[in-house]
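Beneath this line is the structure, given in structure tokens, with notes to follow.
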Amino acid sequence: MALNLAVEPNSSALALEPMGDRAGIASSIYGTIFFSVGSVLGSVISARMTDSVVPLIVAYFFIGIIALTLALCDSRSHQQKIT
């Protein structure tokens with residue numbers, strides 16, 4: 001969680017860099033989607049945690065796998081390595 005707090009602002013700034021003069025509106029759309037998806041996932045995971053923390057552990061695992069898959073499938077990182 002602490003690493004996410006350090007990495008997320010920097011990664012979102014890098015993602016919005018190509019937007020140029022439209023970075024403000026892109027940032028607001030990104031923020032809205034970021035917090036909406038986070039609140040929905042948090043609510044679903046929290047509702048499953050009645051007697052144990054196993055749903056939280058399982059959710060961290062699957063969300064981590066999804067994040068790793070997205071990071072490895074990013075075409076921009078392959079283009080930068082080639083050039």
Side-chain angles (χ1 to χ4, degrees):
M1 295 291 285
L3 184 61
N4 185 36
L5 291 174
V7 172
E8 197 279 324
N10 294 323
S11 62
S12 64
L14 288 173
L16 295 174
E17 185 179 5
M19 298 305 290
D21 60 343
R22 298 175 303 229
I25 190 72
S27 176
S28 65
I29 293 170
Y30 169 77
T32 302
I33 292 171
F34 181 81
F35 286 112
S36 298
V37 170
S39 65
V40 168
L41 286 175
S43 297
V44 169
I45 294 166
S46 178
R48 304 272 188 245
M49 291 177 34
T50 55
D51 295 331
S52 70
V53 294
V54 173
L56 182 64
I57 296 168
V58 171
Y60 273 145
F61 177 75
F62 282 115
I63 292 171
I65 294 294
I66 292 169
L68 183 63
T69 303
L70 290 173
L72 293 176
C73 293
D74 184 19
S75 63
R76 292 178 296 169
S77 63
H78 297 298
Q79 291 172 356
Q80 291 175 353
K81 290 178 185 175
I82 294 171
T83 58

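Just so we're clear, the structure is a prediction, and the values are computed from it rather than from any experiment.
Around CG of Leu5, the count of heavy atoms belonging to other residues, nucleotides or ligands within 6.0 Å exceeds 12.
Remark: Ala26 pairs with Leu16, Met19 by the side chain to side chain contact (heavy atoms under 4.5 Å, CB included) rule, at least two apart or across chains. Contacts of Leu41 classified as side chain to side chain contact (heavy atoms under 4.5 Å, CB included), with partners at least two apart in sequence or in another chain: Val37, Ile63. Among residues two or more places apart in sequence or in another chain, the side chain to side chain contact (heavy atoms under 4.5 Å, CB included) test is passed with Leu70 by Ile66.
Heavy-atom minimum distance, Asn10 versus Ala6: ND2-O, 3.2 Å. When all heavy atoms are compared, the tightest approach of Arg48 to Pro55 is O-CG, 3.4 Å. Here the shortest heavy-atom pairing between Ser28 and Thr32 reads O-OG1, 2.8 Å.
When atom types are taken as modelled, the side chain of Ser27 and the backbone of Ala23 share no donor-acceptor pair closer than 3.5 angstrom.
Grouped by direct or indirect side-chain proximity (heavy atoms under 4.5 Å, Ile/Leu/Val/Met/Phe/Trp/Tyr only), Phe61 sits with Val54, Val58, Phe62, Ile65. Side-chain heavy-atom separations under 4.5 angstrom define the hydrophobic clusters, and the remaining members of the one that includes Phe34 are Tyr30, Phe35. When hydrophobic side chains of Ile, Leu, Val, Met, Phe, Trp and Tyr are connected at separations under 4.5 Å, Leu3 ends up clustered with Val7.
Annotation: side-chain hydrogen bond (donor to acceptor under 3.5 Å, both in side chains) contacts involving residues 13-25, sequence neighbours excluded, are absent. Within the structure, side-chain hydrogen bond (donor to acceptor under 3.5 Å, both in side chains) pairs that include any residue of residues 52-70 do not occur (at least two apart or interchain).
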